[in-house]
Amino acid sequence: MDKIEKRIAELRKRINQYNKEYYIDNTPSISDYDYDQLMYELQELESQSPSLFSSDSPSQRVGSDLDNSENNNFKQIAHRYPMLSLSNTYSIEELKDFANKIAKNTDTIINYSCELKFDGTAICLTYRNGLLVQALTRGDGSKGDDVLENIKKIKNIPLKLKGQNYPEEFEIRGEIYMPFKSFDKVNKDRMDNEEKPFANPRNAASGSIKLLDPKEVAKRGLECTLYHILGENLNFNSHSQALEAAISWGLPVSEHRKLCKNIDEVYKYILSWDTKRHELGFPTDGVVIKVDELATQKSLGFTSKFPKWAVAYKFQAERQLTEVLSIDYQVGRTGAVTPVANLDPVQLSGTKVKRATLNNYDQILAMDIRIGDYVYIEKGGEIIPKIVGVELSKRPIFTKTVEFPKFCPDCGTELIRGENEAKFFCPNTDSCPTQQKGLLEHFIARKAMNIQAGEATIKQLYDKAFVRDVADFYSLNKDMLLQLDSWKEKSADNLLKSIEASKNNSFNKVLFALGIRNVGEVTAKALVKYFKNIDKIASASKEDLEKVEDIGATIAESIYNFMHREDKLTIIDRLKKAGLNFEDNSNEGLISEVLASKSIVITGNFSISRNDMKALIESHGGKNSSSLSKNTAYLIVGEKAGPEKLKKAEKLDVTMLNEEEFMSLLNNL
């Protein structure tokens, strides 16, 4: 293998991995710009070596968001029209080359439709007789995941069109995105629960439309903008005319588009938005330039990956150089200690940045960040400040490698770090003030017990020793509250009413509110659904806990350890006596109990989505499991079933049913 062939193979492998991180995992490890530079290099090398051409090269294929593992719960449907990507550039000279190529291939006058490039995830909507009937992700360009039920929860997407003059059936494509306001809220909730925050709004939007529960999608604050109509016998001469029609039907189309007569007007539009974009309430990463005339679009055609009549001009992320003044270490509610860099304040994307989270000690070591260093700061997704590099030429002579503190900065307890943990933890959960206050704040949060109090109130209650654990909330009285600074009778009455109302919360909210390490909302719901009451959870072995879907050894150990601490059981007992709900009596949506207590695993694809199949199992009392064991009652086998699951089912002597046999079982029992 010669040098060029070896480099091409390396680039293909790296880009395929980056595509998986970006499109499926929603955890990119490389910037868009750096990714594009690797793609440009691959394309250049492939053009120099035609004998090394491969149709499987990432340069020839659309990046795919399809998860073909058994974890994919969405039905895959073929696109009626291929859903391609866009070629992109960071250069005005390349933009002029784009315009010159078009001019050489057509004799007609060309207008350009310019639109902001929303930084979200692509979607294809189908309307039939004015009703929304299908919503597909880009997928691999040929087929996508059907996410209709989730898309219906996005408020600015109409389920029914306005007026009467829309086509009988058509597709309209666009972008699902997360406004900065929603992104801030989602990430705050995740960080409050000590879950890893989303790196940027694009990742958050992409992850959100693949959630299994549409009700959770509704809470994410997603929005949509649409920009391309497809269909048979559409009566439009231009792209801009089609978008005006879409607006008249009640569809969300960006107001920031502009029709330009030449590439100079296009460039003025780009320059104006490279600055103004920082004033917008949503993420943008460039401008899309399209030939406006539909007849010209048709004559220009497509490559295997891109339309030849459109290009994306991408803005480079704004970057600033500033000094690391010091590093603080913050203690979270579970004891996790997070380093935060204090920076010499610098303006970035319209705001002053003076702090940047370093996530963990490994990041500090990997980047060799030192106090006194000058570092490059970018805003991830134009919102979260992050350190992306160190300017070694400006490093002072006597800087030292950062050493992580050995003791908790709050209570002085020696820190620990688990074998597979990225973070250090303070183990003093009982009396570390920051952890105690963090647990109290978590307990009252809106997604937990929804008690109407804030951080300042918690601090006062803690400092006066009125509340030191979560059960103490239910011992508060008006005399205590009137001792708080600036509190009057009305404030005291409101808090007491809120505390009383919290007793009506469901068991899963109470369980989540307890603040068990690694147990978020979804895990709490799964535990409640499986065990039904707190006593069964408390008496469960680690092996029993791991039978719950998506609970592995780490989470099982956290739950087990919590439930075997005398002080935690005492708190639970006090909460029981206060009237909180520790039992699930809900049978909502239960059609029958023919599968009651039966553990069921599904594999492959079915005539309905995997998500719907799981819901069907639950509606008949069954328990969905992701892994086979000797306790599995049935393995339901669909098309493209996983061979490993089939082998394991045979080995364990688990009954296997195809979809028809399973449906017959439900109908006959």
Any ion pair linking Asp119 and Lys117 (charged N to carboxylate O, less than 4.0 Å)?
no

Determine the sole option in Glu171, Glu169, Glu168 for which the salt bridge (Lys or Arg N to Asp or Glu O under 4.0 Å) test with Arg128 is passed.
Glu169

Apply salt bridge (charged side-chain N to carboxylate O under 4.0 Å, His left out) to the pair Arg395 and Asp368, showing each step before the final yes or no.
CA-CA 11 Å; Arg395 171 170 284 175; Asp368 191 21; 3.1 Å; yes

Gap between atom CG of Asn88 and atom CG of Leu95 - 0.5 Å precision:
11.5 Å

Kindly assign one of parallel, tilted or perpendicular to the pair Phe282 and Phe118, based on the angle between their ring planes and the thresholds 30° and 60°.
parallel

Please list, one pair per line, the donor and acceptor atoms closer than 3.5 Å that link side chains of residues 224-234 to other protein atoms, with sequence neighbours excluded.
| from | atom 1 | to | atom 2 | distance (Å) |
| --- | --- | --- | --- | --- |
| Thr225 | OG1 | Ser254 | N | 3.4 |
| Tyr227 | OH | Gly174 | O | 3.3 |
| Tyr227 | OH | Glu175 | OE1 | 3.1 |
| Glu232 | OE2 | Tyr81 | OH | 3.0 |

Hey, are Asp145 and Lys210 close enough for a salt bridge, meaning a charged N less than 4.0 Å from a carboxylate O?
yes

May I have the step-by-step check of side-chain hydrogen bond (donor to acceptor under 3.5 Å, both in side chains) for Glu93 and Ser91, ending in yes or no?
CA-CA 5 Å; Glu93 294 306 318; Ser91 160; over 6 Å; no

Is the closest basic N to carboxylate O distance between Arg7 and Glu41 below 4.0 Å?
yes

Could you tell me how the ring of Trp249 sits relative to the ring of Phe236: parallel (under 30°), tilted (30 to 60°) or perpendicular (over 60°)?
tilted

When you look at Lys152 and Glu149, which way does the salt bridge (charged side-chain N to carboxylate O under 4.0 Å, His left out) test go after all the steps?
CA-CA 5 Å; Lys152 285 180 177 180; Glu149 295 309 311; 3.6 Å; yes

Between Glu293 and Gln297, does the side-chain hydrogen bond (donor to acceptor under 3.5 Å, both in side chains) criterion hold? Intermediate values first, please.
CA-CA 6 Å; Glu293 291 75 22; Gln297 285 187 12; over 6 Å; no

Show your reasoning for whether ring-ring contact (aromatic ring centres under 6.0 Å, His included) applies to Tyr127 and Tyr166.
CA-CA 9 Å; Tyr127 284 88; Tyr166 41 76; 8.5 Å; no

Using a strict threshold of under 4.0 Å (side-chain N to carboxylate O), is an ion pair present between Glu265 and Lys258?
no

Gap between atom NZ of Lys423 and atom OG1 of Thr338 - 0.5 Å precision
3.0 Å

Does any non-hydrogen side-chain atom of Gln363 lie less than 4.5 Å from one of Met367?
yes

